[in-house]
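Proteins get letters first, then strands, A, B, ... in listed order; numbering begins at 1 in each.
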Amino acid sequence: MSHVLIEKTDHLSDTIFKYQKGKHVMATPSNLVLRSDIDFEAGKRETILGRWDEQIAGHKVNVKLNAEVVKVEGAKGAFRIHLRGGEVVEAANIVLAIGTQGNPNRLRCPGADSPLIQYQLDDPGEYFDEHITVIGSGDAGIENALGLAADPAQRNVVTILNRSADFARAKAANVALLEEAEREGRVIVRRETEPAEVRDGELLLNTRDGQEAIRCDRIIARTGSQPPRGFVEAMGIEFSSPEPGSFPKLSPEFETTTPGIHVIGALAGYPLIKHCMNQGYDVIEFLAGNRDLKPADEPLLAAKFAALPGKRSVEEWLAVFGGNVGVLADLSVLQLRELMLDSTCHAYEPGQVIFRRNDPGSSMFAIAEGSVAVEVNPADPSITVGIEQGSIFGEVGLISGRRRGATIRAAEPVVALELPRMAALKLLATSPGAARAVNAIAIERQLLQMFGPGITKSDVAPLVASAELVQARAGQVIVTEGAEDKDVYIVRSGSMIVEKQIGERPVFLSYLPAGSYFGEMAVIDGSQRVATVKAAIKSEVIRLPGEAFLAFLAANPVLRDKALSEMTARRATNAFIEGQKGSFSGVVDMYSQTAQFLVDNGIGEATDVLLIDEKLCIGCDNCEKACADSHDGLSRLDREAGRTYAHLHVPTSCRHCEHPHCMADCPPNAIKRGPDGEVFIDETCIGCGNCQRNCPYGVIRMDAKPPKKPSLLQWMLFGKGPGPGEAPYGWRKSEAKKQALPEAKLAVKCDMCARIDGGPACVRACPTGAAIRVSPEKFLTYTKLAEDAE
Amino acid sequence: MNAPASRSRFREAEKRRDSDHVSFLRHKGFRWLWIALLLSGASALGYALIDQQPRPNGGTWYGYTLGTIGLGLILWLTMLGVRKRRINPGAWSLKAWTSAHVYLGLSLVVVGTLHTGFQIGWNVHTLAYVLMLLVIATGIYGVVVYAVLPARMSDNRREMTRAQMLDALTALDRQLESAAQPLARDEADLVLAALKQSPFAGGLLARLTGRYPGCATARARKGMAGDSEAEQRVRALLEKRLAQLGQLREALRIRAALEVWLFLHVPLTMALIAALTAHVISVFYYW
Ligand SMILES: Cc1cc2nc3c(=O)[nH]c(=O)nc-3n(C[C@H](O)[C@H](O)[C@H](O)COP(=O)(O)OP(=O)(O)OC[C@H]3O[C@@H](n4cnc5c(N)ncnc54)[C@H](O)[C@@H]3O)c2cc1C
Ligand code: HEM
Ligand code: SF4
Ligand code: SF4
């Protein structure tokens, strides 16, 4: 076939090229066969890239390096591909495999094409005696500047430009290092300064006090990058939704909405290398006229469906799921196949339990055939409500990351699809119709669950119709003390804090996790708002208009009584704290500030968090040692690091977030929520480090599994090995070398000791009781926070 | 999935997530204090009521009983050293162990003393008894420092880790190094001496007392008398270095105080066990 492989850089596979030196590259999923003619198996980055270069040459692939595509015109059969520099390549078909790295933002000033400018810094050690300017105030820019200035022997004059006065986008630790380097005169930091023009050996700056030229031999521009979406859309290719996380719409042959252009790999939404390679193979086979090729995942799907009754083919099953399940209606065949691969198919006998109330659950179910019964009254399993074929269930656990609200059984023979959280979220992001349907169902079910047994769909129907989903930023006020508005709110995800102005200070009253409701007092007795409610973190609340809520209560007197009694309880808490104010104002202030401190430190999105009472902690680090000894010899917590207020310390340790940030961008979806609510990383981790970067609390570390230590007895009697706790780095390194262990660095984090008898080892190993793991809604109460530990 | 098992764990976990921060001393409403008091009370009552012939001592059947209880307790108390380093397998809580250790250890004062029948002499039996009392005395010191020092350590730390304290020192040192360039020879030497001295220099005594009479930074600060711009700058930096050293040294002092007693408690325990072995063998030998 006549072809050309166009590559922007001077090497192929830039993403892999940019991995750190010696990175161990994984070849997951292991059950997927590799079709490509180029070999690929797990191994070192250098080995893989070397083999590819060799085989690309061996297969006589026509490669054109240093050729960046800037624009594509024309249509199938006659595309004109414009390269930077003006050259044009003609093609009948195009396969876009440009990944998701995108292009670095270019400088927007005269001279932006100057050869002085580079967008990456591979080795800061290779420049000597130069005047180098780094542009960009993020972590990348700061790290580059520090790297260039690290060794005085290089005698570089390093300047970093920052458009604003502070470095708000960078990590605090990097900013501190930069400021130190500035004080010591190693780096020149110019704030509120922008480049005005790049000249020969000179850079003109726009500063607060006017223009100024500085000597400049090299410019490193680190001002972020543009995702390739704009470039792709300019070819007329449509994406599945405006969400930033969505991908191009594709046919089963990976063809886009622009005929003749195919998209594969990371850009198509398949970040694993094996997928990328297989898709390339499939598309080229298709273009070469091989129309009968089954996709590479065919055997995997067949294996998935094998357990289902009826001996139907893959095609037939796909038609059943795609055709019967409402939320899957909008998906393309390709998307459906992928969703199937990520999900589990189940067949249930009538009466069989699908899940039980209070089971952990972060997946959503869809009924392809049959129907299920929900046990709405925990006290009486015989009272059930049905959910029909084509509908979904289990979405509450999915959306708030919490436990199952009710036991569900199959009512007849059922075929169901279980979508893990990530797959379900991807579905919602790619299919607006699915998102709408799930939202409506979720609101209805949340109401049913909240108001308990005896309430039916038709009872809540008017409420559902009037309900509105409201997004709230962290800190956004939903209800203001003293205001006259009369709506009722349900916390759908995230959490709220309730505050009351006492004297001139706001006092923390209570914490509302997802699933609670508030605002009902003012509606029921027509009073003003008695407290302010604001989002502790980014949250979603459901707003129900006051009149609809009142009408609903009027129709259901039992609920009215329940609401009244809950109201009395809330009143009592408020009155109690207000009453305390006069006599122990110090205690109330302390309570309020401690609660605020904890919320500021991420407790509002935690489900299970390690706290250390520093009035008890003797600093023995037994907690860290026990952690390491319970988990392959690596500690997943840093006791000393972290913030402290009033002797309450929040160490660096996983908070098992309600909506874990770490899960967001894991290529093999290796991060899951386990049966006890723990967020854990399974053995499919490929060590890409995304989760480490995404966790806002810095609790994930990348490290190789250490060699086994000699036993405790050997250490106690003969002093063999490094003893209890995490072995020092040097010992691990040299011992691993001796035993020739693999050194792949994988992500490690707290798993709440889920598979360990007795629960978290850190807590159990603390001799004084300083270390506790608690849930925020149980801990953020007056009694707990104001109690004085011994 | 094993649903029932996972649900029972859930209940357990929910209880844990609701836990208070209660110290080992108050663990479970002073459970082990009550048990220890009961044990001591019962031993004393038995001692008073039971007619031991020819006289109360370790050789009567009651004496043997107390001796066996005491020996068992001591061996079990020693096991804390193992439990502390081996929390799995089993649902142990070291806090519960420490709580029991402290109160049962204290009850040994009663049990052990009654076991002697107040017969004291210059022999291996009394040696074991005295060693036991010493172990207990060091243990009591340990509990006192555990109660008093943690809050002070926390206040001194001001959210800094020890590594950060050292980093802060290194940062100051780099500034001092360049600031000292314009100084005269003798003053520069003072600064250099301060930079060269390890922040840990001074030995165990200094670490425990927090007093470092040989501190070169303090000396340099005193010697920096002049009023030139460079001298003023160096003086200010030396003040900062002193303050940073102070924080680090205070952290080390408190840590040392929290640990040093264990270097008596544990070796004394070893000596106690050796003496007990001799005591038991000799008793059986002469039986
Ligand atoms: C740190 C890290 C570790 C990872 N580890 C693993 C692992 O162990 N195993 C695994 O399976 N996956 C891993 N991944 C994911 C995997 O590397 C990527 O998803 C995969 O390389 C994507 O391949 P691709 O061909 O779609 O895109 P890329 O590899 O990004 O290739 C796109 C190529 O197109 C070029 N290009 C882009 N735009 C243009 C243009 N306009 N004109 C010309 N050329 C252009 C680029 O220079 C690049 O060479 C990891 C990812 C990261 C970031
Ligand atoms: C004869 C009686 C005792 C014996 C044999 C004994 C033995 C031990 C041993 C072996 C340890 C483990 C130390 C380590 O490995 O780090 C220990 C720790 C300790 N002991 Fe004792 N002990 C005794 C009595 C007491 C008493 C009476 C008290 C308190 C009043 C006490 C308080 C402690 C404390 C606080 C610890 C430290 C726990 C920790 O930090 O992990 N001990 N003891
Ligand atoms: S690793 Fe970080 S983001 Fe993930 S659950 Fe834990 S604290 Fe949250
Ligand atoms: S085990 Fe307890 S006392 Fe020891 S360092 Fe950890 S929290 Fe502090």
Side-chain angles (χ1 to χ4, degrees), chain A residues 180 183-185 353 355-356 358-360 403 607-608 611 613-620 622 625-626 629-630 638 640-644 647-649 675-677 712 715-716 723-724 752 756-761 763-770 772-775 778-779 783-784 787 789-790, chain B residues 1-4 6-7 9-14 16-27 80-82 84-99 101 145-147 149-151 153-155 157-164 171 174-175 178 251 254-255 258-259:
Chain A
E180 188 198 321
R183 274 196 302 277
E184 292 164 11
V353 171
F355 56 67
R356 285 178 202 277
N358 277 343
D359 273 357
R403 303 234 149 207
T607 62
D608 198 304
L611 298 177
D613 183 343
E614 288 201 340
K615 289 202 291 296
L616 294 174
C617 174
I618 53 168
C620 62
N622 220 38
K625 291 179 192 149
D629 286 340
S630 308
D638 185 340
E640 238 186 337
R643 306 290 315 273
T644 311
H647 298 120
L648 198 56
H649 178 60
D676 291 312
L712 180 63
W715 174 77
M716 284 190 135
M752 236 153 84
I756 292 174
D757 208 14
V763 174
R764 289 189 294 122
C766 176
T768 65
I772 50 177
R773 281 205 84 98
V774 292
S775 72
K778 300 232 160 77
F779 194 73
T783 34
K784 290 264 158 76
E787 92 189 346
E790 192 64 355
Chain B
M1 177 179 52
N2 186 344
S6 111
R7 271 203 315 288
R9 277 207 64 158
F10 173 56
R11 221 165 297 139
E12 211 177 87
E14 282 288 281
R16 161 178 65 74
R17 286 191 269 258
D18 197 11
S19 66
D20 305 339
H21 39 310
V22 178
S23 76
F24 64 104
L25 291 175
R26 291 178 169 216
H27 175 69
L80 182 66
V82 178
K84 187 174 171 183
R85 294 171 178 85
R86 189 179 164 83
I87 207 73
N88 298 313
W92 309 109
S93 146
L94 194 60
K95 170 163 104 173
W97 271 66
T98 316
S99 187
H101 182 96
V145 290
Y146 277 20
L149 292 184
M153 181 158 68
S154 172
D155 293 337
R157 210 157 82 75
R158 295 189 298 274
E159 301 196 329
M160 273 170 101
T161 66
R162 271 165 297 159
Q164 284 167 339
R174 271 201 299 258
Q175 293 180 46
S178 56
I254 299 176
R255 268 309 288 272
L258 282 166
E259 276 171 5

What heavy-atom pair brings [X] and [Y] nearest, and what distance separates the two atoms?
X      : Y      : answer
A/C617 : B/P150 : O-CB, 3.1 Å
A/P767 : B/T98  : O-OG1, 3.1 Å
B/N88  : A/S630 : ND2-OG, 2.7 Å

(message) Do the side chains of B/R16 and A/D608 get close enough for a salt bridge, i.e. N-O under 4.0 angstrom?
(response) yes
Max heavy-atom pair count under 4.5 Å with chain A, selected residue of [options]:
options                        : value
B/R158, B/Q164, B/R157, B/M160 : B/R157
B/H27, B/K84, B/E259, B/R86    : B/K84
B/L149, B/L80, B/V82           : B/V82
B/P89, B/G90, B/G81            : B/G90
B/L258, B/I254, B/T161         : B/T161

(request) Indicate yes or no for a side-chain donor-acceptor contact from B/R255 to the backbone of A/G619 under 3.5 Å, with no hydrogens or angles considered. (result)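 Yes; judged by distance alone, with no hydrogens or angles, the pair exists.
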(message) Quick one: does any side-chain atom of B/E159 pair with a main-chain N or O of A/T644 as donor and acceptor, under 3.5 Å?
(response)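 Answer holds: yes.
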(request) Take atom CH2 of B/W92 as the centre, draw a 6.0 Å sphere, and report whether it contains more than 12 heavy atoms from other residues, nucleotides or ligands. (result)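 At most 12 heavy atoms, drawn from other residues, nucleotides or ligands, come within 6.0 Å of this atom.
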(request) Name the region of B/E14, side chain, backbone, both or neither, that has any atom closer than 4.5 Å to a heavy atom of chain A. (result)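 It is both, since atoms from each part get that close.
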(request) Below 4.5 Å from any heavy atom of chain A, which atoms of B/D18 appear? Answer side chain, backbone, both or neither. (result) both
(message) If you apply the rule side-chain contact (heavy atoms from CB on, under 4.5 Å), what do you find for B/R85 with A/D629, and how did you get there?
(response) CA-CA 9 Å; B/R85 294 171 178 85; A/D629 286 340; over 6 Å; no
(message) When you compare the side chain of A/H647 with that of B/D155, does any pair of heavy atoms fall below 4.5 Å?
(response) yes
Distance in Å, [X] [atom1] paired with [Y] [atom2], rounded so as to fall on 0.5 Å steps:
X      : Y      : atom1 : atom2 : answer
B/R174 : A/E180 : CZ    : CD    : 4.5 Å
B/L94  : A/N622 : CG    : CG    : 6.0 Å
B/Q175 : A/R183 : CD    : CZ    : 5.5 Å
B/H21  : A/L611 : NE2   : CG    : 8.5 Å

(request) Tell me, for A/I756 versus chain B, whether the close heavy atoms (under 4.5 Å) come from the side chain, the backbone, both or neither. (result) both
(message) I'd like to verify something: which residue of A/L712, A/V353, A/V763 has the highest number of heavy-atom pairs under 4.5 Å with chain B?
(response)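 Sorted descending by pairs with chain B, the first entry is A/L712.
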